[in-house]
Amino acid sequence: MSLSTKYDPTETESKWYKFWLEEKMFASTVNHRKEPYTIVIPPPNVTGVLHMGHMLNNTIQDVLIRKARMEGKNACWVPGTDHASIATEAKVVGMLKAKGIDKKSITREEFLAYAREWKEKYGGIILEQLKKLGASCDWDRTRFTMDADMSDAVTSVFVDLHKKGKIYRGIRMVNWDPLGRTALSDDEVIFKEVNSKLYYINYKIEGNENEFLTIATTRPETIMADVAICINPNDARFAHLKGEKAIIPLINRAIPILEDDYVDMEFGTGCLKITPAHDINDYEIGLRHQLPVIDIINEDGTLNEKAEILIGEDRFIARKKITKLLKKADQLVKEEEYQSNIGHSERTDAVIEPKLSLQWFLNMETITQPALKAVMDNVVQLYPPKFKNMYRSWMENVRDWCISRQLWWGHQIPAFYLPNGEYVVAKTQEEALEIANEKFNATFLPSELTQDEDVLDTWFSAWLWPISVFDPEFFTTGEKKEDLKYYYPTNDLVTAPEILFFWVARMIIAGYEYTGEKPFRNVYLTGIVRDKLGRKMSKSLGNSPDPLELIKIYGADGVRTGMLFSSPAGNDLPFDLKLVEQGRNFANKIWNAFRLIKGWEIDANLSAGDNRAAMEWFEHKYNQSLVEIEDHFSKFRISDALMSTYKLVWDDFCSWYLEMVKPPYQHPIDQETYNKTIGFLEGILKLLHPFMPFITEELWHEIKDREVSEALIVSQWPKARSYDEKIIKDAQHIFEVVSQIRNIRASKGISPKEAFELTIHTTCPGIYQSFEPVLKKLANLNSLSFDQNVDNAISFVVKSDEFFIPAGDQVDLEKEKETLLKEIEYTKGFLASVNKKLSNERFVNNAPAAVVAAEKKKMADAQGKINALEESLAKLG
RNA sequence: AGGUCGUUAGCUCAGUUGGUUCAGAGCGCUGCCUUGACAGGGCAGAGGUCACCAGUUCGAGUCUGGUACGGCCUACCA
């Protein structure tokens, strides 16, 4: 045998990937005679590297796309990358810092040059990694969200939405990331439980040296921005202070004492300091009472001159210093340990600073309506559907979307400011100039127009992805090109639930806004890949294996199946190397099944006679499994589809079928069985291909030489034929008998090599006769007979048939009796419970006839079994 | 705090209109097996009051209500 006993994936994988690429097997072009099947990839960060989440996600997409391709559909999987403003800019800033360059010291153009250079160097690595996984993307269609035409689409959409009045500019309290120096959307803020302190500070009352109020705060460094003290109107303790003024410690500024229902009398001291510039709730209270806003914190989180003291200090340093100062001034009453949830930047992990600033917003009120309806009506179907509720509550409570980011890497906002303080929104500066001149009846110079410094939120380009990858000009011209008409709406989207709102919801919104159609039919939400401790696998935690290393060790097929063994839609995947090992072992099992078949010599003179039952059975079994697999796929139960395939291959094909037909060692096989077996193997390779593309393509060609056009990847997915359940059930029964006999050998220490003479007492010998060769071979019987009396035998019962194996001295009579008695007792108990049910008139009258009949059959079967067992017992004497 | 989903074998999970494919699968575990396709293997086996309490029903893992615990989403009291 020339083939190794172990499957080695390395060479195979690169060989076939190259083959598929060279033969353009992944490429798709418009073809109206074929039904399109389209997936757009969730574009990974252009400078990112593959992590376990990508592996899971893209494996699922590849399974779907490969199956669709085999089903004869025009399968198109569009790959690409995302510019990921914040993440990429943070990386570039870090890189510059390492070089000793401060972002603030260079111009926007210089910075972007560095960023582009960085992108050229690292960009697209992740796509190369996907190829190692076997991803069958149409690489000719690769897109980047900052390609010129893709960017143009984004600008057009901004201008359009502004024209429609949906985009506006306003002062809002935003989540400020002092490290990234940008505003973040609410979704980019992660709340974490943090141990902090509650500081109790005394504020003196103006004109009364002896009286003071104590407030509790976690942020003493913001007291200089206080504009009021608030108490609850029902709080008798402080009622007398209403209308008085309190004096801010250290800076001695007087502020009014007000009443507001918002204040919780129970919490802290019942007095709340109002700092509108640095707290969202205080801001709202400030609006109610028309309080001024004093902003004492700079964009980088340091205190400014309005703070009067500690100017230039970082907010956290300032906190420490001010507590010392307060202590010195004898105005710090106490410090208390306190747990609170603090917002952190998703990207930089900096503590979020609520900050008032001028930002661009998209009004979400009406634009979301069709997108909400689409999901509620299952026009867009979420898998699993439990996410519908989440989706609804988010869409119903959505706030306006802050779309501006104070970054340079991204799509610069197409708004141009004029010397007169006004601004115009236009695609280009020339257009802006024209509009401005007309609008203000003036003649501005191009140099007088300055474009907004900010860029757009990354999701503001990503939400156009399913449309723009096919036809970015559509957003400018409004005319659909062939590709867009043909491939859109796409079929399935596979992504993580974390970005259901960031991305999925917004794609649906954009889809309806611009095409009047859904962007995709189904959304498959994968789980999060977690480690054994339940932690999300991440680079920063260092708990994630290197996916490429895994592929190297276990093979892409092994890793793919390993990931899918345990990942139902919407459920987290508790990653375990064991699973990948199982995947690799599975590949090896398939490999060895092939080795066995390949090793057979064919003898044209032999007849298939004895193997016909096995072949007939497997044919039916295969079709039964295929129906099951199709059903799982139709419900996006990918793990279940894989498991059904796994069992068909391992249990039914390898453990049963091959054992049934395989000739004795070094004996030849007949032509018919060989041909059939090869046919079965081919059918199996097809079912396996979406999951394990490499080994299957390899074996497909090992079986025989084939033309390029006959490659497995483009072969036809099998169509399920009807199958006879009786044959499958009969075989099941035979297998049970085989197991029982093996069990007897195992428990009695009889060698498998010792052949038995089996006698069967049954009312329907036909089933045993049709499977006789199988039974003899698998159970190692030298004879099979019926209705013979057997003395001194080991016996067992399957259903109501009775089996005897003469066993000479090996029988321990007492033990046999005991076993039989036990089983009789159990069966009698069972019979009693059935009888009880049947003698219950209400059951017999109310239950459907079929159920009653089933119950009666149960009774008869049990009675038959008891009879058989008692007969066996009697024989033992 | 509100909403929502969940709790089935040691682990990860199926269980679709209440009744024979209802107590399942894969992994793990235990025992035996090595010239024979595969030890990355074979054969056999053990393991669960279906979280708890009540109710509806002839009949509940499945339906209803409650309790406990857990996940997720949203909102956050300085």
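Each chain gets a letter, A, B and so on, in the order its sequence line appears, and its residues count up from 1.
Of all nucleotides listed (B:A14, B:C76, B:G42), B:G42 comes nearest to the side chain of A:Trp650. Comparing B:C77, B:A25, B:U12 against the side chain of A:Lys647 picks out B:A25 as the nearest. When the nucleotides B:C76, B:G41, B:C38 are ranked by their closest atom to the side chain of A:Asn585, B:G41 comes out on top. Nearest nucleotide to the side chain of A:Asn592, out of B:C76, B:G26, B:C38: B:C38. Of the candidate nucleotides B:A44, B:G36, B:C38, B:G36 has the atom lying nearest to any side-chain atom of A:Tyr665. Set against B:C77, B:C58, B:A37, the side chain of A:Lys662 has B:A37 as its closest nucleotide. Of the candidates B:G15, B:C38, B:C72, B:C72 carries the atom nearest the A:Met390 side chain, counting heavy atoms from C-beta on.
Using P as the reference atom, B:G24 and B:G71 are 31 Å apart when rounded to the nearest Å. Between B:A23 and B:A14, the two C1' atoms lie 12 Å apart (nearest whole Å). Here the separation of B:G10 from B:U30, taken at their P atoms, is 15 Å to the nearest Å. Nucleotides B:U4 and B:C43 are separated by 47 Å at their C1' atoms, to the nearest Å. Using atom C1' as the reference point in both B:G66 and B:U56, the two lie 15 Å apart (nearest Å). Comparing B:A60 with B:A51, their P atoms are spaced 15 Å from each other, to the whole Å. To the nearest whole angstrom, the two C1' atoms, one in B:U8 and one in B:G3, are 26 Å apart. As rounded to the nearest Å, B:U16 and B:U74 have C1' atoms that lie 31 Å from one another.
Backbone-only contact: A:Tyr646 has heavy atoms under 4.0 Å from sugar-phosphate atoms and none from a base.
Between A:Asn571 and the phosphate of B:U12, there is no side-chain N or O to OP1/OP2 separation shorter than 4.0 Å. Residue A:Arg595 places no side-chain N or O under 4.0 Å from the OP1 or OP2 atom of B:G40. OP1 or OP2 of B:G42 sits under 4.0 Å from a side-chain N or O of A:Lys589. Checking the phosphate oxygens (OP1, OP2) of B:C43, a side-chain nitrogen or oxygen of A:Ser655 falls inside 4.0 Å. Between A:Tyr554 and B:G40, a side-chain N or O to OP1/OP2 separation shorter than 4.0 Å is absent. A close approach under 4.0 Å does not occur between any side-chain nitrogen or oxygen of A:Arg584 and OP1 or OP2 of B:G40. A close approach under 4.0 Å does not occur between any side-chain nitrogen or oxygen of A:Lys729 and OP1 or OP2 of B:U21. Contact annotation: A:Arg399 side-chain N/O to B:A75 OP1/OP2 distance is under 4.0 Å. Close to B:C73, at under 4.0 Å from its OP1 or OP2, lies no side-chain N or O of A:Ser393.
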Inset, instruction - Determine, step by step, whether A:Ile590 and A:Tyr7 satisfy the side chain to side chain contact (heavy atoms under 4.5 Å, CB included) criterion, reporting the C-alpha distance in whole Å, the side-chain angles of both residues, the deciding distance to 0.1 Å, and the verdict. - result: CA-CA 9 Å; A:Ile590 299 160; A:Tyr7 168 62; over 6 Å; no
Inset, instruction - Apply ring pair (Phe, Tyr, Trp, His ring centres under 6.0 Å) to the pair A:Phe691 and A:Tyr646, showing each step before the final yes or no. - result: CA-CA 10 Å; A:Phe691 299 108; A:Tyr646 180 83; over 10 Å; no
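Pair assignment for B:U30: B:A44, on the basis of Watson-Crick or G-U wobble contacts that are both within less than 3.5 Å. The partner of B:U57 is absent, by the rule that a Watson-Crick or G-U pair needs both atom distances under 3.5 Å. Nucleotide B:U21: unpaired (no Watson-Crick or G-U wobble partner with both distances less than 3.5 Å). In this entry B:C76 has no Watson-Crick or G-U wobble partner, no candidate having both defining distances under 3.5 Å. Applying the Watson-Crick and G-U wobble criteria (two distances, each under 3.5 Å), B:G70 pairs with B:C5.
Between A:Asp235 and A:Arg237 there is a salt bridge, since a side-chain N of the basic residue sits under 4.0 Å from a carboxylate O of the acidic one. Between A:Lys197 and A:Glu335, at least one side-chain N (NZ, or NE/NH1/NH2) sits under 4.0 Å from a carboxylate O, which counts as a salt bridge.
Mapped onto RNA chain B by nearest heavy atom, A:Cys271 and A:Asn743 fall at different nucleotides, with A:Asn743 at the one closer to the 5' end. Between A:Met643 and A:Arg637, the residue anchored nearer the 5' end of RNA chain B, judged by the nucleotide with its closest heavy atom, is A:Arg637.
The base of B:A37 lies close enough to the side chain of A:Glu659 for a donor and an acceptor atom to sit less than 3.5 Å apart.
Here the C1' atom of nucleotide B:C73 and the CG atom of A:Leu525 are 14 Å apart, to the nearest Å. In this structure, A:Asn588 atom CG and B:G41 atom C1' are separated by 9 Å, rounded to whole Å. Rounded to a whole Å, the CG atom of A:Asp576 is 10 Å from the P atom of B:G28. Between the P atom of B:C77 and the CD1 atom of A:Ile274 lies a distance of 12 Å, rounded to the nearest Å. Protein atom CD of A:Gln732 is 13 Å distant from nucleotide atom P of B:G24, rounded to whole Å. The CG atom of A:Asp652 sits 13 Å away from the C1' atom of B:A25 (whole-angstrom rounding).
Glycosidic conformation, B:G42: anti, with the torsion outside 90° of 0. Look at B:U62: its glycosidic torsion is beyond 90° from 0, and that puts it in the anti range.
Atom NZ of A:Lys777 is surrounded by more than 12 heavy atoms from other residues, nucleotides or ligands within 6.0 Å. Other residues, nucleotides and ligands contribute only 12 or fewer heavy atoms inside 6.0 Å of the CZ atom of A:Phe212.
Cation-pi geometry between A:Arg319 and A:Tyr199 is not satisfied (NZ or CZ under 6.0 Å from the ring centre, within 45° of the ring normal).
A donor-acceptor pair is defined here as one N or O able to donate and one able to accept, closer than 3.5 Å; no such pair exists between the side chain of A:His620 and the backbone of A:Ile728.
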